[in-house]
Amino acid sequence: MKNTILKSVIILFGFIWLVLPTGCKDNNPANSTKNTNPTDTTKVDTLFAKGADVSWVTQMETSGLKFYNASGSQMECMALLKSLGMNSIRLRVWVNPSDGWCNSQDVLVKALRAKNLGMHIMIDFHYSDSWADPSKQTKPVAWANLSFADLKTAVGTHTTDVLNLLKTNNVTPDWVQIGNETGDGMLWEDGRASTNMANYALLNNAGYDAVKAVFPNAKVIIHLNNGFDNGLFRWLFDGLKSNGAKWDVIGMSLYPYWYKTSNDWQNCNIDCLANMNDMVSRYGKEVMIVECGMSWDSPDVCKSFLTDLIAKTKSVSGQKGIGVIYWEPEAYMPWQGYTSGAFDKTGKPTSALDAFK
C-alpha cells in the first residue's frame, strides 16, 4: 500500500510539472507581438495555398497607407488577408535595390510577420536589383561583368545568404522560386533561354542546389508568364529537362489582360487548366498559380475569375494543383500605377477577395 501511495504521489507531481508554464523568456525576435509583427498562430489550411504577394506592404506603410477591414477597423495587412481566408504569403527578393525595398532585410521583416501569423511562405528570387519579368532579366550591377562560372557562384551565394538569414530567424519557407517569369531564362544575356538553354539550366541548378542545402524540404519553383500558353511552357521545360535542370513545381502567372482576347477570363482559365494538366502529365510535377490579378474596379468579375481559377487548380489531375496566389492585392490609390490590386481607394478589400474564403 505504501508503495502504491508513493507511486500515486510521484505521478501526481509529474502531471503538475507538465501542465504548469515554465516561465522561461522567449527571446526569439520572430515572436514579437508588435502590431507590425502580429502574432496569430491559429491553424491554417495546409492542403492548398491561397495567398498573396504583398512585397510592397512595408513600403506602403512607410508612405502612410493603412489597411481596413470591411467594417472600417484598421488591421495589419497580412492579418487582414488571413481573416479573408488566405494562408500563404509570397515575397520577392532583389539583390541590391537602390532604395532598399525588397532587399534581404526587408524580406526578413515581412517573413517574420507571416511566420507569426502561422502562414506559409514563398520566397521569389529575381536575381536582379529591380524587376525581372518577360521584358527584362537584368543582372545585378555587381554581377554585370562576372564570368559565367562566377555568375553561377553568385547565384548560389546570394540564394544561400538570404535563406540562411531566414533560417537564423526561425523562418522556414515552403517554396522558393529560382527566377521570376523566366519564360526566356534569366540573367541575360548569359542565361537567355532562347540563345543558350544550357546556361539557363546551369544557373537554375545553382539556385536549386543552394535552396536544398539550406532547406531540404522546400519545394523549388520555376515560374513562367502566361499560364495559358502551353507552347511556351512545353518549349521551356522540354529545353530545361534535356539540359538536366532541376525543379519541383511549375509556377504560372495568369492575368486575363494578357490573354489572346484581352480579359476573356473564362477561356483564359480553360486554357490554363489544360496547360496545368499537360505539365503534370508531361513532367510529373506539381503546378501552382503564383501570380494572378484583374482590374481593381471590376471586383465582381475578378471574384468570378478567382473562384473559377481556384476550383480549376484544385481539379488538376493527381491533386497536383497546389495553390493560387494573388499578386499585390493590397495595392490601392493606385499604388505606383498598378491597377490590378483588390483593395478600393479607402484601403478596404473588394469583393474580389471573397473568392479566397
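Only heavy atoms go into these numbers, but all of them, side chains included; no hydrogens, no water, no symmetry mates.
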Only distances under 3.5 Å count here; give the side-chain donor-acceptor pairs of residues 142-149 to other protein atoms, sequence neighbours excluded, each with its distance to 0.1 Å.
residue: Ser147; atom: OG; partner: Asp150; partner atom: N; Å: 3.2
residue: Ser147; atom: OG; partner: Asp150; partner atom: OD2; Å: 3.3

**Report entry** Lys/Arg N to Asp/Glu carboxylate O, Lys66 vs Glu76, below 4.0 Å
**Finding:** no

Query raised in the report: When the ring centroid of Trp247 is compared with that of Phe237, is the distance short of 6.0 Å?
Result: yes

Query raised in the report: Centroid-to-centroid, Trp327 to Tyr255, below 6.0 Å?
Result: no

Report summary line: Applying salt bridge (charged side-chain N to carboxylate O under 4.0 Å, His left out) to Asp344 and not counting sequence neighbours gives none

Query raised in the report: Just one of Asn205, Asp209, Asn204 clears the side chain to side chain donor-acceptor pair (under 3.5 Å) bar with Lys246, so which one?
Result: Asp209

Query raised in the report: Do Arg90 and Asp174 meet the salt-bridge criterion of a basic N to acidic O distance under 4.0 Å?
Result: no

Requested in this report: Please test Lys139 against Asp129 for salt bridge (Lys or Arg N to Asp or Glu O under 4.0 Å), starting from the C-alpha separation and ending with a verdict.
Outcome: CA-CA 7 Å; Lys139 293 176 186 174; Asp129 292 333; over 6 Å; no

Query raised in the report: Excluding sequence neighbours, so at least two apart, what forms salt bridge (charged side-chain N to carboxylate O under 4.0 Å, His left out) with Asp308?
Result: Lys312

Report task. Give a yes or no on whether a salt bridge exists between Glu330 and Lys348, defined as a side-chain N under 4.0 angstrom from a carboxylate O. Result -> no

Report task. Could you list the residues that satisfy ring pair (Phe, Tyr, Trp, His ring centres under 6.0 Å) with Tyr68, not counting sequence neighbours? Result -> none

Requested in this report: Scan side-chain atoms only and decide if His223 and Ser253 contain a donor-acceptor pair under the 3.5 Å cut-off.
Outcome: yes

Query raised in the report: Other hydrophobic cluster members with Trp101, side-chain heavy atoms of Ile/Leu/Val/Met/Phe/Trp/Tyr under 4.5 Å, chained?
Result: none

Requested in this report: Decide whether Tyr200 and Thr182 meet the rule of one side-chain donor and one side-chain acceptor closer than 3.5 Å.
Outcome: yes

Query raised in the report: Does a side-chain heavy-atom distance below 4.5 Å link Leu108 with Asn169?
Result: yes

**Report entry** With sequence neighbours excluded, residues passing salt bridge (charged side-chain N to carboxylate O under 4.0 Å, His left out) with Asp354
**Finding:** Lys357

Query raised in the report: Going by atom types alone, do Tyr208 and Asp248 pair a side-chain donor with an acceptor below 3.5 Å?
Result: yes

**Report entry** Test log, rule side chain to side chain contact (heavy atoms under 4.5 Å, CB included), inputs Trp188 and Thr138
**Finding:** CA-CA 6 Å; Trp188 292 348; Thr138 307; over 6 Å; no

Query raised in the report: Counting distance only, does the side-chain N/O of Glu328 pair as donor-acceptor with the main-chain N or O of Gly341 below 3.5 Å?
Result: no

Query raised in the report: Are a donor atom and an acceptor atom from the side chains of Asn230 and Asp278 found within less than 3.5 Å of each other?
Result: yes

Query raised in the report: Looking at residues at least two apart in the chain, or sitting in another chain, which of them share a salt bridge (charged side-chain N to carboxylate O under 4.0 Å, His left out) with Glu181?
Result: none

Requested in this report: Could you pull out all residues at least two apart from Asn103 that satisfy side-chain contact (heavy atoms from CB on, under 4.5 Å)?
Outcome: Pro97, Gln105, Asp106

Requested in this report: Evaluate the criterion side chain to side chain contact (heavy atoms under 4.5 Å, CB included) for residue pair Gln74 and Phe67; output intermediate values, then yes/no.
Outcome: CA-CA 6 Å; Gln74 185 183 339; Phe67 307 95; over 6 Å; no

Report task. Please identify each residue that fulfils side-chain contact (heavy atoms from CB on, under 4.5 Å) with Ser73, with sequence neighbours left out. Result -> Asn69, Ser71

Query raised in the report: Any side-chain heavy atom of Pro256 sitting closer than 4.5 Å to one from Met294?
Result: yes

Query raised in the report: Taking the six-membered ring of Phe48, is NZ or CZ of Lys314 closer than 6.0 Å to its centre and within 45° of its axis?
Result: yes

Report task. Indicate yes or no for a side-chain donor-acceptor contact from Ser262 to the backbone of Tyr257 under 3.5 Å, with no hydrogens or angles considered. Result -> yes

Query - With sequence neighbours excluded, residues passing side-chain contact (heavy atoms from CB on, under 4.5 Å) with Asp264 - result: Tyr259, Thr261, Gln266, Asn267

**Report entry** For Asn277, side-chain contact (heavy atoms from CB on, under 4.5 Å) partners two or more places apart
**Finding:** Leu273, Val316, Ser317

Query raised in the report: Linking Ile, Leu, Val, Met, Phe, Trp and Tyr by side-chain heavy atoms under 4.5 Å, what else ends up with Ile221?
Result: Met122, Trp175, Val249, Met288, Val290, Ile322, Ile325

**Report entry** Check ion pair Asp53-Arg92 (N to O, under 4.0 angstrom)
**Finding:** yes

